[in-house]
Amino acid sequence: MSILSTAIEYLKGVGPAKADLLKKELKIFRYADLVQLYPYRYVDRSRFYRINEIGGTSTEVQVKGKITHLETVAGKGRSKRLRAIFQDDTGEVELVWFKGAQWIQKSLKLQQPYVLYGKPNFFNGSLSFPHPELELEADFKQSPLRGLQPLYPSTEKLNQKGLNNRGFAKLTRALLPQLKGQFPDFFPAHFRERYQLMPREEALFQIHFPSSLELAEAARNRLKFEELFFFQMEMAAQKRKHHREFKSFAFADVGPVFHRFYDSVLPFELTGAQKRVLREIRQDMRHGKHMNRLLQGDVGSGKTMVALMAMLMAIDNGFQACLMAPTEILAQQHYQGISELVESLPVEVSLLTGSVKTAQRKDIHEKLRDGSLHILIGTHALLEDKVKYKNLGLAVVDEQHRFGVAQRAKLWKKNTLPPHILVMTATPIPRTLAMSIYGNLDLSVIDELPPGRKPISTRHAFDKDRNSLFGFLEKEIDKGRQVYIVYPLIEESEKMDYKDLMDGYESICRAFPRPKYQVSVVHGKMKPEDKDFEMQRFASGKTQIMVATTVIEVGVNVPNASVMVIESAERFGLSQLHQLRGRVGRGAEKSYCILMTGSKLSREAKIRMKTIVRTQDGFEIADVDLKLRGPGDLMGTQQSGMLNLRLADLRNDSPIMDLSRRALQDLLDADPSLEKPDHQHILAEFQKRKAGKIDWGRIA
Ligand code: ADP
Ligand code: MG
C-alpha cells in the first residue's frame, strides 16, 4: 500500500485528537488528503516592515523589534488582558491578548530581538496588534516559515487546537519530504513541455512551499490544468458514449420541400452563421447517429429560421417534426410565423396548447397519427401521452432553460428511436463554458446578427425622471411607434408585484388617456385566451402601450414596438434584461430601452445597469453575469455534481480551460483511444478519477 494512504494520525504532530478534528472539519483522513489541502494564498515573510511604514496597510505585516513593556490589565468581569509595547527604531505599537494572558506573559522576554507577525488594527488613531505571532529572532532564522508562508483554509475549531496557518505549514513541512517519489507524472515529458506544465511532484511541493510567487503560480496552473483536463475528458467521453449508444433516423436527402423553400420562400439571405449551423445540423442528422444539439444564439439572431429549415429536412425524409415553446404566447407566435412561411408548400402545421378545444384537439391527434400533419407547434401540451405521432423525426425545444431534463426525456419516447433533438437557447453562455457544462450536448452557435440591425439606445433613469419619460413615450407613440412597459414578477412577492403592475397600469392609463391612446395589460393571472387577445391587439397595432410582467420576456416579436421600459430594473438579472431589451430593435426604426430604478442601488445592481447600458453583446453580458453570479447558477442543479474542482474556477480560469481543451483535442486527434504507451498513465489517471478515486490512495 502506498504511503499516501497512511492514516493521518500517524503523521508526526497529529495524534488521535487532532486527527479526529481533521477528519470532521476538513475530511482529511490520510496523507494524500493533507497534500490536497492547498493554500489559498501566500504571505511574503521575507519582507520586514518598519513601524513607521505600517500605517494604511491592512494585511499581515512582519516587524523586527523588542518588547519594552508588559502588563496585565483588568478587563470586564474577571477577565484579564495582556498588553505589551513593541518598539523598533522608528516607533512603537501596542500588542494585546484577550485570551491566555497568563501563559503568554510567562513565555515572552523583555528587551530581546523578536520577529512580530500579525494584522494591524487602527483604533482611535493608534496602532495595535491583537494576538500577534512572536518569535525570537534567533529562532526565526532557523524557522521553516521564512519566505513565502502558505495560508490554509482552516476552521475555528482547528485553530483552537493549534491548527492555524502555522500549524498546517508545520504538518505539510513534516509530510512532504517523506513523499518524494510518490507523484510520478501521468503527463509525458513532451506533453508537459508543449503546454509548459510543471512536473507533478514539483507542483505539489511548490504549491505548499513556493520558492517564489512565480513558481507558486506555475504550480497552481499545473494543478488547475489537470483538473480541467480530466473534467473535459469526462465530458468528451460522455458525448462519445451518446453517439455510440443512441441511434436515430437518417435523413439522407435534402429534398424538394427544402429546396422550394430555400429558392422561392426564404425572404432574406441567411447569415454566414445560420448557414454554418444548418450544415452542422445536416451533418448530424444524415447518418443515423442521434443528434442532441444545443443551438445558442443571441436574441434576434434568427434561430427560428434555422429550426424551421431543419424541420423541413425531416419532412423531406418522410418524418414529422415538433416545436415546443415555453409559453402559450410564444407558441402562438411561432405558429403564425411558420404557417405564413410554409403557406405555399405542401406542409401542414398545427398549434396545440392548453387552450385548444377538445374537438380540434382530437382532429390534431388524428392527423398526427395518420401522418398528414407535418409540424406540430405548442407548449408543454406536446408532452402529453395522448400526443402520438406517426413518425416523429425531429423535436425542437425553444428556450431550454424553462424545460427540465425529465420533460425532454419524455420527447425521446415519442418514436421507436429517439427523435433528433435541437434545443434552442438565447441565454448566452461563454462558449468554453457551454462546451464544458453541456458536455453531453453538441453545440452550435449563431454568433452573427442579420445585417442592418440598429443599436438600441439604452439609458438608466430614476423615478424622478418619470415626467420626462412620459413625454418621451408620447413623442414616440405620436410617431406611430409602440411601447412595452415591463414589471418584475417574482413568485415570492407575487402579491406586491401584482399590485405594482396594476398601479403602474392605472398611472399609465391616466397619463395616456383614451380614446387617443389604448393600453394593453398582460400578466400571469390572466386566462390564456385573454392574454392572447391582448397580445394580438398589441401585435396588430390596436393598442400602443403594453404593460406586462415578464410573460413577454421570451420570444415575442412585434417589429413596430420601439421602446422597452423596464420598471424596477434592479430586480432583474442581466440575462433577463438582455432578453427584454431584445424585444425591441426588430423593425426599421431606432429603438430605445429605459431601465427605471430606485435611487439606492446595491453595488451589484449598479454593475448590472452599467453593463446593459454599455453593451448589447450577449456574450459580453454573459461574461459579466458569470463574474457576478458564478457558474453554479447558470448551470442549474443538473451538472453541479460533475464539477469536482479543487483549484480551478470556471469563472476565472478560462485561459487554462482553453489550453487544456486544446491539449485534450490534440491528444485525442493523435491517439483517439489512448493506446500509445506514452499515454497509458493519462488513461489510468482518468479512470481513477472517474471512479471517484480522485484522492489518490484513499480507499473507497
Ligand atoms: P431568435 O434567435 O431570437 O429566435 P428570430 O428567429 O425570432 O430570432 O429572428 C428574429 C428576426 O430576424 C425575425 O423577424 C426573423 O425573420 C429575422 N431574420 C432571421 N434571419 C434573418 C436573416 N438572415 N436576415 C434577415 N432577417 C433575419
Ligand atoms: Mg426565438
Side-chain angles (χ1 to χ4, degrees), residues 261-263 265-281 293-312 321-343 375 377-379 395-403 422-429 434 443-456 482 484 535 539 550-562 564 575-589 591 593 616-619 621-622:
F261 180 82
Y262 195 85
D263 295 338
V265 179
L266 187 62
F268 37 67
E269 170 88 17
L270 293 178
T271 63
Q274 283 172 315
K275 285 182 189 163
R276 190 191 64 233
V277 166
L278 259 177
R279 274 198 301 273
E280 288 167 358
I281 292 171
R293 190 168 276 280
L294 180 70
L295 172 55
Q296 204 191 8
D298 211 341
V299 191
S301 61
K303 295 184 290 293
T304 318
M305 188 52 76
V306 169
L308 173 60
M309 293 175 76
M311 291 196 273
L312 298 182
C322 69
L323 167 58
M324 190 159 71
T327 65
E328 179 116 12
I329 292 170
L330 189 55
Q332 181 115 29
Q333 287 223 340
H334 277 316
Y335 172 68
Q336 268 166 10
I338 288 175
S339 302
E340 272 168 38
L341 283 165
V342 300
E343 206 171 14
I375 296 178
I377 297 172
T379 53
V396 181
V397 180
D398 197 6
E399 308 292 351
Q400 68 107 215
H401 57 290
R402 305 237 164 163
F403 283 109
L422 182 66
V423 174
M424 302 195 288
T425 177
T427 308
I429 303 168
L443 180 69
S444 286
V445 182
I446 305 186
D447 49 7
E448 184 186 348
L449 291 180
R453 292 278 159 86
K454 297 200 182 87
I456 299 164
Q482 289 166 282
Y484 292 104
M535 276 309 299
T550 44
V551 288
I552 62 157
E553 173 189 341
V554 193
V556 292
N557 192 22
V558 180
N560 188 50
S562 66
M564 168 63 65
S575 95
Q576 265 184 315
L577 292 170
H578 180 60
Q579 294 284 321
L580 283 170
R581 177 170 55 184
R583 296 307 113 214
V584 295
R586 301 182 153 234
E589 303 309 320
S591 295
C593 174
Q616 231 172 293
D617 177 339
F619 286 91
I621 291 169

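Atoms within a ligand are numbered from 1 in the order they appear, just like the ligands themselves.
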Tell me the contacting part of Asp298 for ligand 1: side chain, backbone, both, or neither, using a 4.0 Å heavy-atom threshold, strictly below. backbone
Does His334 have a non-hydrogen atom less than 4.0 Å from ligand 1? no
N/O of Gly300 under 3.5 Å from N/O of ligand 1, yes or no? yes
Do the charged groups of Arg453 and Glu448 touch, with an N to O distance under 4.0 Å? no
Could you list the atoms of ligand 1 found under 4.0 angstrom from a heavy atom of Val299? 3 (O)
Taking the non-hydrogen atoms of Glu269, is any one of them nearer than 4.0 angstrom to ligand 1? yes
Can you tell which of Gln274, Arg453, Arg586 gets a heavy atom nearest to atom 17 (C) of ligand 1? Arg453
Within-4.5 Å side-chain heavy-atom neighbours: Leu270 and Tyr262: yes
Would you give the length of the straight line joining atom CD1 of Ile377 to atom CG of Leu308, rounded to the nearest 0.5 angstrom? 8.0 Å
Answer yes or no: does an N/O atom from Gly302 fall short of 3.5 Å to an N/O atom of ligand 1? yes
Rounded to the nearest 0.5 Å, the CD1 atom of Ile281 sits from the CZ atom of Arg293 at a distance of 7.0 Å
Ser444 side chain to Glu280 side chain, donor-acceptor N/O pair below 3.5 angstrom: yes
Spacing of CG belonging to Leu341 relative to CZ belonging to Phe261, to within rounding of 0.5 Å: 5.0 Å
For Thr304, the atoms of ligand 1 under 4.0 Å from one of its heavy atoms are 4 (O), 5 (P), 6 (O), 7 (O)
Atom pair CG/OG1 of Asp398 and Thr379 - distance to nearest 0.5 Å: 12.5 Å
Using a strict 4.0 Å cut-off to heavy atoms of Leu270, name the atoms of ligand 1 that fall inside it. 23 (N)
How does Glu448 reach ligand 1, if at all, at less than 4.0 Å between non-hydrogen atoms: by side chain, backbone, both, or neither? neither
I'd like to check which ligand 1 atoms, numbered from 1 as shown, lie under 4.0 Å from a non-hydrogen atom of Thr271. 23 (N)
Against ligand 1, does Asp398 come closer than 4.0 Å with any heavy atom? no
Between Lys303 and Val277, is the side chain to side chain contact (heavy atoms under 4.5 Å, CB included) condition met? List the steps. CA-CA 10 Å; Lys303 295 184 290 293; Val277 166; over 6 Å; no
